[in-house]
Amino acid sequence: MSNPGHVVHEEEDDDQGEVYIDEADILNEVDFDEEDLPDADDQVVDEPDDSMHTFTGHTGELYTVVCSPTDPVLVATGGGDDRGFLWKIGQGDWASELQGHKDSVSSLAFSTDGQLLASGSLDGIIQIWDITSANQKSTLEGPGGGIEWVRWHPRGHVVLAGSEDSTVWMWNGDKGSYLQLFSGHGGSVTCGDFTPDGKTICTGSNDASLRIWNPKSGENIHVVQGHPYHSAGLTCLAISSDSTLAVTGSEDGSVHIVNITTGKVVSSLASHSDSVECIGLAPSFPWAATGGMDNKLIIWDLQHSLPRSTCDHEDGVTCLTWLGVSRYLATGCADGKVRLWDSLSGDCVRTFNGHSEPIQSLSVSANKDFLVSVSTDGTARVFEIEEYKQAIYPS
């Protein structure tokens with residue numbers, strides 16, 4: 001290979017056999033670092049791409065994905081390019097951009113009836129989109145910091161969101177009007193949701209507390225904080241289908257179960273050795289799944305507060321989702337892989353390749369045929385999971 005740093009000076013007489021270079025001929029010197037030179041042993045081998053559809057409309061890292069609860073092919077994604085998109089699985093030529101945010105789109109949520117989509121951004125703004133027309137319906141303002149998460153009331157168009165400025169806000173999504181401010185946390189509100197019965201709100205914060213609120217009055221019913229609760233900030237929470245228990249994870253690696261009615265810690269699940277990043281409750285069985293930066297997925301028997309299985313990964317577990325009412329669940333990992341696990345045996349039954357960087361979020365389509373993942377590699381990928389959706393728990 002010719003060296004661009006050295007130019008051969010040839011005499012006009014082409015018959016001259018040998019050509020010499022002297023110092024006057026050197027135009028420029030370039031220093032090479034041997035570490036920068038390609039090594040024959042370091043050739044990158046392309047891994048197989050197991051996805052059946054890839055969405056590449058974004059121009060930056062992706063942070064969040066959510067599938068419509070009613071349309072089996074409609075997906076929303078958001079990322080660091082300050083944009084959101086609505087797109088359809090298997091329809092590569094159809095996409096609708098969610099314009100207007102001035103910072104990363106960090107959270108997305110469909111209303112329970114699938115009619116509206118809320119997009120939350122680090123610009124502190126939430127936009128409401130009408131799904132039928134794909135037009136913006138309203139803009140929700142108030143928080144003084146970035147939006148950490150957004151949720152809908154289980155039976156109405158009421159929007160709840162937590163902010164980096166330590167507040168939680170509630171609005172009427174149809175009218176775009178303010179309803180309630182929940183103030184009391186001493187740090188960014190990192191997780192939260194309505195209880196499934198819609199009567200209570202639970203929020204977790206960097207201040208290591210869980211707060212339980214009355215949605216109508218804004219009253220703070222319980223504050224769960226201090227021993228025997230988490231010693232560091234909360235990262236995630238999940239609420240039982242009967243609205244009685246909140247399961248919370250923390251940066252300190254602990255998982256605790258709180259009775260929402262009494263505000264008391266009723267159990268502690270200790271097995272993770274690093275930050276717990278995600279929690280999911282099995283829809284049809286008293287089991288929980290937790291994923292952590294200790295490279296572990298742990299499946300818990302909540303009735304006995306004991307781990308059933310510990311599932312090892314190559315890197316930190318960033319997100320998880322149960323595949324409907326089946327016994328399978330999916331994890332997204334910092335190694336760029338999406339894995340399917342059998343919660344009964346604890347075995348990994350499938351590894352999906354395709355992403356080249358950490359997985360940030362997962363969502364399952366309404367018909368449970370597709371699993372959608374997003375990554376900091378800038379892509380969203382769709383994997384077929386139909387064969388796993390019928391595998392229910394033994395009676």
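- Proximity of Val265 to Val224: side-chain heavy atoms (C-beta onward) are separated by under 4.5 Å at one or more points.
- The residues Asp81 and Arg83 are annotated as salt-bridged, a charged nitrogen and a carboxylate oxygen being separated by less than 4.0 angstrom.
- Listed by first then second residue, pairs satisfying ring pair (Phe, Tyr, Trp, His ring centres under 6.0 Å) with a partner in residues 241-279 read Tyr229-His256, His230-His256, not counting sequence neighbours.
- For the residue pair Glu141 / Thr139, no side-chain donor-acceptor distance below 3.5 Å is found, with atom types taken as modelled.
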Practice prompt. Evaluate the salt bridge (Lys or Arg N to Asp or Glu O under 4.0 Å) criterion for residues Asp193 and Arg151: first the C-alpha distance (whole Å), next the side-chain angles of each, then the deciding distance (0.1 Å), finally the verdict.
Written response: CA-CA 6 Å; Asp193 206 346; Arg151 297 287 186 273; 3.8 Å; yes
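- Without hydrogens or angle criteria, Ser375 side chain to Pro358 main chain gives a donor-acceptor distance under 3.5 Å.
- No path of Ile, Leu, Val, Met, Phe, Trp and Tyr side chains, each step under 4.5 Å between heavy atoms, connects Val317 with Trp287, placing them in separate hydrophobic clusters.
- If you take CD1 on Ile131 and OG1 on Thr70, they are separated by 8.5 Å, rounding to the nearest 0.5 Å.
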Practice prompt. Under the side chain to side chain donor-acceptor pair (under 3.5 Å) rule, what do Asp252 and Ser231 come out as? Steps first, then yes or no, please.
Written response: CA-CA 6 Å; Asp252 65 8; Ser231 60; 3.0 Å; yes
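- Side chains of Leu340 and Leu323 form a contact here, defined as non-hydrogen atoms less than 4.5 Å apart.
- A chain of hydrophobic side-chain contacts below 4.5 Å, direct or via other Ile, Leu, Val, Met, Phe, Trp or Tyr residues, connects Val158 to Phe182.
- Side chains of Glu148 and Ser106: no donor on one and acceptor on the other come within 3.5 Å.
- In the model, Asp113 has a side-chain atom that pairs as donor or acceptor with a side-chain atom of His157 under 3.5 Å.
- Between the side chains of Glu61 and Tyr63, at least one donor N or O lies within less than 3.5 Å of an accepting N or O.
- Looking only at distances, a side-chain donor or acceptor of Thr318 sits under 3.5 Å from a matching main-chain atom of Ile359.
- Contact check for Leu160 versus Val168: side-chain heavy atoms found under the 4.5 Å cut-off.
- No side-chain donor from either of Thr190 and Asn206 sits under 3.5 Å from a side-chain acceptor of the other.
- Between His101 and Ile125 the shortest heavy-atom distance is CE1-O, 3.4 Å.
- Salt-bridge annotation for Asp49 and Arg381: present, with a side-chain N of the basic residue lying under 4.0 Å from a carboxylate O of the acidic one.
- Scanning both residues, Ile260 and Ser243, for their nearest heavy atoms gives CD1-O, 3.6 Å.
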Worksheet item: For Trp149 and Val189, what are the C-alpha separation, side-chain angles and deciding distance, and is it a side chain to side chain contact (heavy atoms under 4.5 Å, CB included)?
Response: CA-CA 8 Å; Trp149 50 269; Val189 187; 3.9 Å; yes
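- A side-chain donor-acceptor contact under 3.5 Å links Ser250 to the backbone of Ala232.
- At a threshold of 4.5 Å between non-hydrogen side-chain atoms, the residues Met293 and Glu251 do not count as touching.
- The shortest non-hydrogen separation linking Val276 to Ser254 is CG2-O, 3.9 Å.
- With values rounded to the nearest 0.5 angstrom, Thr321 atom OG1 is found 16.0 Å from Tyr328 atom OH.
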Worksheet item: When you look at Leu98 and Gln136, which way does the side chain to side chain contact (heavy atoms under 4.5 Å, CB included) test go after all the steps?
Response: CA-CA 8 Å; Leu98 310 176; Gln136 184 177 335; over 6 Å; no
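- Side chains of Ser119 and Trp129: a donor on one and an acceptor on the other come within 3.5 Å.
- Heavy atoms only, all atoms of each residue included: Thr248 and Ile279 are closest at C-CD1, 3.4 Å.
- Under a 4.5 Å side-chain heavy-atom cut-off, the cluster of Ile, Leu, Val, Met, Phe, Trp and Tyr residues that includes Met52 is completed by Phe55, Leu62, Val65, Val73, Val75, Phe85, Trp87, Ile89, Phe370, Val372, Val374, Val382.
- In this structure, Trp341 is a member of the same hydrophobic cluster as Leu344, with clusters built from ILVMFWY side-chain heavy atoms closer than 4.5 Å.
- Formation of a donor-acceptor pair under 3.5 Å by the Ser205 side chain with backbone atoms of Gly187 is found in this model.
- Heavy-atom minimum distance, Gln127 versus Gln99: OE1-O, 3.2 Å.
- Panel note: side chain Ser68, backbone Gly114; no donor-acceptor pair is recorded below 3.5 Å.
- Cluster annotation: Trp94 is connected to Leu117 through the hydrophobic network of ILVMFWY side chains, with a link wherever side-chain heavy atoms come within less than 4.5 Å.
- The closest side-chain donor-acceptor pair between Thr77 and His58 falls under 3.5 angstrom.
- Considering CZ of Phe285 and CD of Gln303, their distance stands at 7.5 Å, rounded to 0.5 Å.
- No donor-acceptor distance shorter than 3.5 angstrom exists from the side chain of His355 to the backbone of Asp377, with no hydrogens or angles considered.
- Side-chain contact between His185 and Ser209 is present, with at least one heavy-atom pair separated by less than 4.5 Å.
- Interatomic distance, OG of Ser309 versus CG of Asp342, reported as 8.5 Å (0.5 Å rounding).
- Here CG of Asp312 is found 9.5 Å from CG of Leu297. Values are rounded to the nearest 0.5 Å.
- In this structure, Val150 shares a hydrophobic cluster with Leu116, Ile126, Ile128, Leu140, Ile147, Trp152, Val159, Trp169, Trp171, Tyr178, Leu181, the cluster being traced through Ile, Leu, Val, Met, Phe, Trp and Tyr side chains under 4.5 angstrom apart.
- With rounding to the nearest 0.5 Å, the separation of OG in Ser365 from CD in Glu386 is 9.5 Å.
- Between Cys319 and Leu362, the closest heavy-atom pair is SG-CG, 3.7 Å.
- The closest donor-acceptor contact from the side chain of His313 to the backbone of Cys311 lies under 3.5 Å.
- Applying the 6.0 Å contact sphere to CD of Gln91 captures more than 12 heavy atoms from other residues, nucleotides or ligands.
- Distance alone, capped at 3.5 Å, places no donor-acceptor pair between the Ser275 side chain and the Glu277 backbone.
- At least one side-chain heavy atom of Asp82 sits less than 4.5 Å from a side-chain heavy atom of Ser104.
- Inter-residue side-chain proximity for Phe352 and Ser51 is flagged as unmet; no heavy-atom pair is nearer than 4.5 Å.
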Item to complete: Step by step, work out the side chain to side chain contact (heavy atoms under 4.5 Å, CB included) result for Leu329 and Ile299.
Response: CA-CA 10 Å; Leu329 69 159; Ile299 299 165; 4.0 Å; yes
Fill in: Trace of the side chain to side chain contact (heavy atoms under 4.5 Å, CB included) decision for Ile212 with Thr200
CA-CA 7 Å; Ile212 300 168; Thr200 309; 3.4 Å; yes
Practice prompt. Could you go through the side chain to side chain donor-acceptor pair (under 3.5 Å) check for Thr290 and Trp300 one step at a time?
Written response: CA-CA 8 Å; Thr290 58; Trp300 302 87; 2.9 Å; yes
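- Cluster annotation: Trp213 and Met170 are assigned to the same hydrophobic cluster (Ile/Leu/Val/Met/Phe/Trp/Tyr, side-chain heavy-atom contacts under 4.5 Å, transitive).
- In this structure, Asp123 contributes its side chain and Lys102 its backbone to a donor-acceptor pair below 3.5 Å.
- The closest donor-acceptor contact from the side chain of Lys389 to the backbone of Asn367 lies under 3.5 Å.
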